[in-house]
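Side chains included, hydrogens not; waters and symmetry mates left out as well; all remaining heavy atoms used. From a predicted model like this one, the values you see are computed outputs, not experimental measurements.
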Amino acid sequence: MSKEQEFKQKILIADDSEMNRSILADMLESEYEIIEAENGVEAIACIQKHGPELSLILLDIVMPELDGFGVLEVMNRHHWIDEIPVIMISSESSSFHVERAYELGITDYISRPFDAVIVHHRVVNTIVLYAKQKKLAALVMEQIDEKEKQSSLMIDILSHIVEFRNGESGLHVLHIRALTELLLKHLNRVSDKYRFTQEEISMICIASALHDIGKISIPGEILNKPGRLTKEEFETMKTHTTIGAEMLEKLSFHQEEPLVKEAYAICRWHHERYDGRGYPDGLKGDEIPIHAQIVALADVYDALTSERVYKKAFPHEEAIRMICNGECGAFNPLLLQCLNEIADTLQENLNNTKTGQIDEQELQDILEEKLQPKDNPASERTLQLLEHERMKCSFYASMSEEIQFEYSVTPPILTLSEWGAERLGLPELIMDPLEDERVTAIMDLEEIKKLGDILHSTYQKNPVVKYDCKANIGGEARWMRIVVQALESSEENPEYTGVIGKAVDIHEARMRLDALEKLASHDTLTKLLTMDYAEKRIRERLAINTGDSYVLLLLDVDNIKEANDSRGRMFGDQILVHVAELLRLNVAELDIAARISGDEFLVLTKGRPGEKGAAQWIMSTLEGEYEGFKVSVCVGAAASEDVGADYDKLFKEADKALLMAKRRGAGQFCVYKDSMMEEKDL
């Protein structure tokens with residue numbers, strides 16, 4: 001390998017198409033070392049092998065073994081996506097695919113077919129941007145490290161002065177900090193009850209070094225007394241908790257700083273006990289701040305395992321036993337669990353403690369927390385919204401009973417809606433559909449090519465095309481209407497990339513329209529026309545000047561209320577259905593019959609004024625018995641030659657005639673006259 005090759009940055013190209021990999025490699029190999037993977041599994045293996053050396057990944061979506069989204073999910077799981085930028089290059093240009101790719105952490109998205117100059121510029125810009133970000137992160141981490149060191153150094157000096165006055169080594173402060181950190185981190189792992197960020201852990205550990213700062217005011221003869229303290233001396237010793245807290249409380253500055261607040265709580269309450277028998281305030285259980293509880297446990301352990309002027313050091317195992325048995329006071333059971341679970345490595349970790357140092361992983365965690373937006377679960381929310389939109393689209397597609405689809409040219413992929421795939425008996429995703437016998441068995445290949453030719457020749461001027469053809473659906477030839485919209489790339493020189501569309505069974509669509517029209521135009525109970533639809537038909541009939549005269553009859557079924565009251569509303573409805581059926585059977589083919597209200601009907605029939613028998617014939621047809629109940633109607637009539645071709649006036653006159661008939665009693669009819677004085681048969 002030449003010296004020039006040795007220092008080339010590495011780019012991984014993951015694509016199942018050898019041609020695509022070759023094209024991209026030709027563009028970039030003069031400046032970068034190229035590594036290739038032909039599927040997602042190989043891509044993951046390459047990342048594991050070359051991870052720290054990779055400067056960029058060019059990733060396709062559709063690949064065998066594991067697709068591009070699967071690769072991104074693995075990279076997220078192992079946090080590789082934080083270190084290696086990914087540019088997705090794919091012909092999948094739908095908003096769903098693009099949004100999902102960005103949510104999984106890609107840096108850029110390039111639609112295929114691509115322009116070589118654009119790809120080159122985006123690759124270079126991405127690599128340079130990530131290099132600058134890493135440099136910036138390193139500077140920030142250095143600043144954090146330096147700040148942590150300075151803060152720790154000053155606090156350690158102050159704490160060491162206190163310990164020196166107490167006749168103890170400065171290791172006590174270091175041990176408390178180390179124990180506090182170990183317990184906090186383990187508590188994070190085993191419980192969701194208390195959660196601490198890395199920045200909070202670091203701050204609490206620094207504050208823990210001040211836990212005994214109040215001892216600076218305790219007389220030396222009490223601090224360093226080799227024997228047991230008297231009751232009065234112990235009471236004096238106990239004041240170091242309130243004195244330390246008061247010293248921090250009386251600071252004239254930084255009162256709102258989290259570190260000062262944490263240190264105050266630790267100073268005052270690190271001798272409280274979980275059962276309420278501690279001091280100075282007798283707090284109990286979770287009344288004691290959790291970080292003060294942790295420092296209290298760390299303080300007791302180190303006091304037991306360290307030599308003091310008044311005692312020898314206890315072995316590690318004995319100290320753990322004494323604490324867990326309650327010989328040194330009561331502690332939070334969850335913290336005792338943590339102490340037991342870290343007991344095996346506790347001494348080793350304490351022996352490796354170095355003052356004022358923070359390891360690289362801690363720095364990285366702090367940096368990520370500082371750069372991460374607070375309380376902003378946008379990624380999860382966006383994914384939920386996208387899933388919600390996908391579910392809506394799927395639902396609407398199934399309700400519309402349309403075969404919805406999307407077709408991309410490069411690579412050739414047919415994507416069907418769930419309902420469409422089920423209707424056709426095909427999978428939802430089909431590679432190379434024009435080569436798939438299952439597809440060509442449904443739609444003739446010549447028809448497909450004809451539709452493709454139309455789209456290719458017209459998509460820039462007319463991107464939406466309607467095309468009718470026969471298709472074999474479920475073994476039956478059906479006429480289908482295909483409506484498609486051409487898609488084009490969004491690059492500077494747009495090219496045809498595929499289509500989105502739908503296919504509708506023309507026969508079924510027409511039947512559905514007829515059924516909907518009938519549902520809207522017919523009364524649900526009697527199946528006669530509704531009043532609105534009958535009015536529309538009558539107006540059309542009267543508007544045509546054929547020389548015919550028409551008679552409009554309004555019928556009111558007698559005694560429906562009596563039927564409802566005596567035998568129930570369902571029986572009343574049966575009478576109405578019975579009347580409607582007689583009307584349907586006896587009116588002429590071109591006559592119009594409708595139900596216009598609860599117990600009122602309408603009939604339009606040909607006739608002339610003065611003719612007898614039309615109303616009587618209708619009445620005689622309807623009169624009779626239905627299951628022992630007497631059925632009769634009142635009829636009001638108006639003739640079109642009396643009022644011209646005005647439907648509103650014709651209906652009004654017939655309604656007046658009906659009112660007159662009903663006043664006479666059951667089974668009556670009346671013909672409208674201007675004076676309503678002359679009444680005779682039609």
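Counting heavy-atom neighbours within 6.0 Å of R584 CZ, excluding the residue itself, gives a total above 12. For E435, the CD atom counts as loosely surrounded, since its 6.0 Å shell holds 12 or fewer non-hydrogen atoms of other residues, nucleotides or ligands. Other residues, nucleotides and ligands contribute more than 12 heavy atoms inside 6.0 Å of the CD atom of E540. Dense packing is recorded around CZ of R567, with more than 12 heavy atoms of other residues, nucleotides or ligands lying under 6.0 Å away. Under a cut-off of 6.0 angstrom, the local environment of CD in E581 is crowded, with over 12 non-hydrogen atoms contributed by other residues, nucleotides or ligands.
The CG atom of L59 sits 9.0 Å away from atom OG of S90, with the distance rounded to the nearest 0.5 Å. Annotation: the span from E535 atom CD to L602 atom CG amounts to 10.0 Å, rounded to 0.5 Å.
With salt bridges taken as basic N to acidic carboxylate O contacts below 4.0 Å, none links R541 and D591. Between R100 and E103 there is no salt bridge, since no side-chain nitrogen of the basic residue lies less than 4.0 Å from a carboxylate oxygen of the acidic one.
When the options V71, I110, L72 are evaluated for a side-chain contact (heavy atoms from CB on, under 4.5 Å) with M88, the one that passes is L72. Of the residues T530, T524, D523, T526, the one that meets the side-chain hydrogen bond (donor to acceptor under 3.5 Å, both in side chains) test with R595 is D523.
Pairing each heavy atom of E653 with each of A638, the nearest pair is CB-CB, 3.9 Å.
Classified by interplanar angle (parallel below 30°, tilted 30° to 60°, perpendicular above 60°), the ring pair F69/H97 is parallel. Classified by interplanar angle (parallel below 30°, tilted 30° to 60°, perpendicular above 60°), the ring pair Y194/F196 is parallel.
The backbone N or O of L104 sits less than 3.5 Å from a side-chain atom of N76, completing a donor-acceptor pair.
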